[in-house]
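First the structure, in the form of structure tokens, and then the observations on it.
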Amino acid sequence: MDLVLYHFPGACSRVVMTALETIGVSYEDVVINIFKGEQKSPDYLKVHPDGKVPALAYDGQVITENVSIQLFLHGRFPEAGLLPALDNPVDHARTVSDLVWCGGTLHPIIRQVRMPIRFTDGDPSGVQAKGVEALHTVLTRLSPRFSDKEWWYGDAWSLVDVYFAWCCFIAGNGGFPIQDYPTIAAHQDRVNSIPSYARSLELEEAARQRHGITLPPPPS
């Protein structure tokens, strides 16, 4: 089995890296330095025509889009417990819905908070303000979810927890007051303590040092 993860330290590819570290399978990690525009290079566009990370090559066949990669890895390595093992098709669909929500609803909100300039050629402050407003609404709704259970689905963590925590990390890095939501902040701390997630952070830091990558400061 030949696995190659195309990623960038700090990006949402961390979720896929955590999945691979949890599975314990050997893989090659290839950094695509988006600060240098490598995602738009002719070579990488052959891998991912949209010029994004992550991408996963599996025996020469490329899978793109974060949620699709996560679902593929869960299906290919069910014993790893990346997502709940469910026989009920409705419950399974709801799990997929949670991942899709992270990728299609929450993730864009986070980008408005952390990198609002990507959404406009003008003053990004209004874009960021709308993102902050939307995120406050989301976290107010979700805070009670973690009041009586540790993880999204209860007693065991899943990739939904990892994706959600990554989004909160990026928002906090952009100046959003995650600490104002104690149950969310506590959940983020629990995700940080997951061994495979911690290994992903170490691998990202090593890649950052290796490639001389310095993350930009939060927007003012």
Side-chain angles (χ1 to χ4, degrees), residues 1-32 34 39 44 47-48 50 52-87 91-108 110-111 146 150-171 173 187-208:
M1 183 193 323
D2 183 27
L3 282 168
V4 181
L5 173 64
Y6 298 87
H7 72 105
F8 180 74
C12 64
S13 48
R14 178 182 299 170
V15 184
V16 176
M17 181 175 281
T18 300
L20 292 169
E21 289 296 315
T22 302
I23 294 165
V25 69
S26 177
Y27 66 97
E28 179 184 0
D29 72 292
V30 176
V31 171
I32 303 300
I34 61 177
Q39 75 276 22
Y44 188 62
V47 175
H48 195 320
D50 289 326
K52 299 192 299 181
V53 295
L56 182 73
Y58 177 83
D59 287 343
Q61 301 181 78
V62 177
I63 306 164
T64 61
E65 297 300 326
N66 207 326
V67 171
S68 294
I69 298 170
Q70 293 174 53
L71 291 172
F72 166 76
L73 290 174
H74 172 61
R76 177 62 181 79
F77 303 96
E79 68 281 359
L82 301 175
L83 293 167
L86 301 168
D87 295 326
D91 290 338
H92 173 73
R94 287 172 174 165
T95 300
V96 174
S97 178
D98 289 338
L99 280 178
V100 171
W101 175 83
C102 286
T105 298
L106 183 59
H107 194 151
I110 298 306
R111 285 302 180 204
F146 300 107
E150 290 192 349
W151 305 109
W152 189 275
Y153 295 116
D155 296 332
W157 71 269
S158 73
L159 291 180
V160 177
D161 292 284
V162 177
Y163 205 164
F164 178 70
W166 175 85
C167 286
C168 291
F169 160 76
I170 294 297
N173 188 254
H187 173 265
Q188 193 172 10
D189 289 341
R190 288 193 291 274
V191 171
N192 289 338
S193 70
I194 296 171
S196 53
Y197 187 84
R199 287 196 299 273
S200 296
L201 294 179
E202 293 172 359
L203 289 168
E204 285 188 344
E205 180 58 29
R208 191 177 289 121

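- Looking at heavy atoms from C-beta onward, Val162 lies in side-chain contact with Tyr197 at the 4.5 angstrom threshold.
- Between Tyr44 and Tyr6, the ring planes are tilted. Angles from 30° to 60° get that label.
- Counted within 6.0 Å of CD on Gln61, heavy atoms from surrounding residues, nucleotides or ligands total 12 or fewer; the atom is thus considered open.
- Considering CD1 of Ile110 and SG of Cys167, their distance stands at 5.0 Å, rounded to 0.5 Å.
- Note on ring orientation: taking the six-membered ring where Trp is involved, the planes of Trp101 and Trp152 are tilted (angle from 30° to 60°).
- Nearest heavy-atom pair, Val31 versus Pro9, reported as atom, atom and distance to 0.1 Å: CG1-CD, 4.1 Å.
- Annotation: Asp189, atom CG; neighbour count of heavy atoms from other residues, nucleotides and ligands within 6.0 Å is above 12.
- Counting all heavy atoms, side chain and backbone alike, Leu86 lies closest to His92 at CD1-N, 3.8 Å.
- Listed here is the closest heavy atom pair of Leu82 and His74: CD1-N, 3.9 Å.
- Legend: residues meeting salt bridge (charged side-chain N to carboxylate O under 4.0 Å, His left out) with Arg94, ordered by chain and number and at least two apart, are Asp91.
- Partners of Leu5 by side-chain contact (heavy atoms from CB on, under 4.5 Å), not counting sequence neighbours, listed by chain and number: His7, Val16, Met17, Leu20, Tyr27, Pro54, Leu56.
- With Asn66 contributing its side chain and Gly103 its backbone, the two residues share no donor-acceptor pair below 3.5 Å.
- Taking CZ from Phe164 and CZ from Phe169, the interatomic distance works out to 15.0 Å, rounded to the nearest 0.5 Å.
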Could you give me the CA-CA distance, side-chain angles and deciding distance for Asp161 and His187, then say whether side-chain contact (heavy atoms from CB on, under 4.5 Å) is met?
CA-CA 8 Å; Asp161 292 284; His187 173 265; 2.7 Å; yes
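- Annotation: the span from Cys168 atom SG to Asn173 atom CG amounts to 12.5 Å, rounded to 0.5 Å.
- Pairing each heavy atom of Leu159 with each of Val15, the nearest pair is CD2-O, 4.1 Å.
- The closest side-chain heavy-atom distance from Leu3 to Val25 is below 4.5 Å.
- For the atom pair CD of Glu65 and NE2 of His48, the computed distance is 5.0 Å after rounding to the nearest 0.5 Å.
- With contacts defined as side-chain heavy-atom distances shorter than 4.5 Å, the pair Leu83/Leu99 qualifies.
- Here the shortest heavy-atom pairing between Gln39 and Ile34 reads OE1-CA, 3.1 Å.
- Looking at Tyr153 and Val160, their side chains come closer than 4.5 Å, going by heavy atoms from C-beta outward.
- Just one residue in the list Glu205, Glu21, Glu204 forms a salt bridge (Lys or Arg N to Asp or Glu O under 4.0 Å) with Arg14, and that residue is Glu204.
- Minimum interatomic distance between Arg208 and Gly10 (heavy atoms only, all atoms of both residues): NH2-N, 3.8 Å.
- Considering only residues two or more places apart in sequence or on other chains, Arg111 meets the salt bridge (charged side-chain N to carboxylate O under 4.0 Å, His left out) condition with none of them.
- Counting heavy atoms from C-beta outward, Trp166 and Thr18 have side chains that stay 4.5 Å or more apart.
- Looking only at atom types and distance, the side chain of Gln188 has no donor-acceptor partner in the side chain of Asn192 under 3.5 Å away.
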